[in-house]
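Here's the structure, in structure tokens; my notes come after.
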Amino acid sequence: MKKINDFFWFCSGTHVDTLKKFPTEHNKYVGIGATIFFTALFASLSGGYAMYFVFSGNPAAILLAIIFGLIWGLAIFNMDRYIVSSITKTGTANQQILQATPRILLAIMIGIVISRPLELKIFDKEIRQKLKTSYLNGQRSKIDTLNNTFSNKYVTELHKIVDLKAEKDSLERDINLSRYVLNQEIFGDKSSQTSGKEGYGTYAKQKESVLNQKIQRLETVRQQMTTLENFILRRKELESITSERMFSGKQLDSLANVAGFADRNWALGQLSFNTDGSRDLGTYLAIAFISMLFILFECLPVFVKLMSPVGPYDIALQNIELSAVHGSYKNKDFDIAVTDGVQDTKVETEIHKQKQIITGKSARELENYDWD
């Protein structure tokens, strides 16, 4: 238990030796330290999960995600620890709020960053379904665009095929009717289109001749249609239109599995809207509440520090800091006095040295002087 307390005290950024002197403050800073630690833990999981999708497809994706998650968690831990430990409780309430405001804003930003990847995991099933729908619609739109472009490019040939098909259908109906009339003529059935004379006579031969002409024309139309259809098929193959197919269920699952962070983040945002573009209030509130929960969790250490009354640890810490500042000024005065004394000694020593040089030089000049 002692090791756990010491660890959470370290997480809270306290001066442990001073805190140990005030047992009433122990639990408060254990709570603050635990909050900072678990915030960093969630940040590590969040960052690792996000980077897993960034490196998705790489054989080392899991290892890279773990490494980045640990680095991200340590960065958030260090930042939170500094934010909480830098708030002093010895000022007025307004001073404390003013001091904590930029730290709260920073904590809000950290909370938003932490919450997003975890939201992606919480709504993973819904995000996958949204991605599948998006990929399917995208493929359908792509195929439609290719077909429209192809149709505009070969509009003459496609219209010709339509006209030939209409002519073929008309000829097939006429041929069937002409055969029926020819049979009536041969068997002597009287009608508005037959003579009523039985046998293969002049009228029957005329009707057979017309029928053969229609059959020949039908074969010509079919050959022309086949030629144009083969041409269109070859062009589609060359322009990779025939190779485009709607995604199968397995393909959609595979695409959703390898979707990157940006696609998943987009899909999460789209969950808040219905298919008609209206707001899906239930999903929107669920996502918003999760974000607010992590923001509150990130801001909690700062709020706990602000709401807690001034304790003996805060006063003792202030006294230590004041003593350290006072000692720093005294050390400054000491260093200045020493520096001044050393400088004075250097000056006096140099003056004495120069005097000796000048005195010795004057004596030599007197000895060498020619008095005659």
Side-chain angles (χ1 to χ4, degrees), residues 42-69 72 111-155 158 229 232-295:
F42 280 122
S44 182
L45 295 174
S46 174
Y49 183 74
M51 294 308 296
Y52 173 76
F53 288 102
V54 173
F55 295 107
S56 182
N58 190 316
I62 296 178
L63 179 61
L64 293 172
I66 293 174
I67 293 174
F68 180 84
W72 178 244
I112 294 173
V113 172
I114 290 174
S115 65
R116 199 61 174 179
L118 293 178
E119 290 171 0
L120 295 177
K121 182 59 180 176
I122 293 171
F123 293 97
D124 181 66
K125 183 178 179 181
E126 292 79 6
I127 288 173
R128 286 175 178 271
Q129 188 60 43
K130 179 66 70 172
L131 286 173
K132 290 178 183 179
T133 303
S134 174
Y135 293 147
L136 198 60
N137 291 336
Q139 183 68 2
R140 183 182 293 110
S141 177
K142 180 181 178 181
I143 292 174
D144 290 343
T145 301
L146 289 173
N147 287 330
N148 290 335
T149 303
F150 185 86
S151 298
N152 293 331
K153 187 175 180 180
Y154 297 99
V155 61
L158 292 172
E229 287 174 348
I232 293 296
L233 182 60
R234 287 195 301 271
R235 298 312 303 175
K236 284 186 176 182
E237 291 176 350
L238 290 174
E239 297 183 19
S240 302
I241 293 179
T242 55
S243 61
E244 292 293 338
R245 296 286 186 274
M246 294 301 294
F247 293 133
S248 64
K250 290 183 178 180
Q251 288 176 320
L252 289 173
D253 289 336
S254 177
L255 289 172
N257 289 334
V258 299
F261 182 82
D263 286 349
R264 297 178 68 82
N265 186 56
W266 171 85
L268 178 61
Q270 293 300 309
L271 290 179
S272 301
F273 298 93
N274 296 314
T275 54
D276 58 357
S278 61
R279 176 76 73 177
D280 185 348
L281 188 60
T283 306
Y284 173 76
L285 291 177
I287 296 174
F289 284 146
I290 291 173
S291 297
M292 287 188 287
L293 176 63
F294 282 101
I295 291 172

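- For the pair Lys132/Asp253, a side-chain contact is recorded, criterion being any heavy-atom separation below 4.5 Å from C-beta on.
- Heavy atoms from other residues, nucleotides or ligands lying under 6.0 Å from CZ of Phe123 number more than 12.
- If you take CG on Leu271 and CD1 on Ile287, they are separated by 5.5 Å, rounding to the nearest 0.5 Å.
- More than 12 heavy atoms of other shown residues, nucleotides or ligands fall within 6.0 angstrom of atom CD1 in Ile67.
- Counting heavy atoms from C-beta outward, Arg116 and Leu268 have side chains that approach closer than 4.5 Å.
- Interatomic distance, CH2 of Trp266 versus NZ of Lys130, reported as 7.0 Å (0.5 Å rounding).
- Between the OG1 atom of Thr149 and the CG atom of Asp144 there is a distance of 10.5 Å, given to the nearest 0.5 Å.
- With sequence neighbours excluded, the residues forming a side chain to side chain contact (heavy atoms under 4.5 Å, CB included) with Ser278 are Asn274, Asp276, listed by chain and number.
- Salt-bridge formation is detected for the pair Arg128/Asp124: a Lys NZ or Arg NE/NH1/NH2 atom is positioned less than 4.0 Å from an Asp or Glu carboxylate oxygen.
- Here Leu120 contributes atom CG and Asn265 contributes atom CG; the two are 6.0 Å apart, rounded to the nearest 0.5 Å.
- Within the 3.5 Å criterion, the main-chain N or O of Gly69 finds a donor-acceptor partner in the side chain of Ser44.
- The heavy-atom pair separating Ser272 from Thr283 by the smallest distance is N-CG2, 4.4 Å.
- With rounding to the nearest 0.5 angstrom, the CG atom of Leu252 is 9.5 Å from the CD atom of Gln139.
- Here the straight-line distance linking atom CD of Gln270 with atom OG1 of Thr133 works out to 11.5 Å at 0.5 Å rounding.
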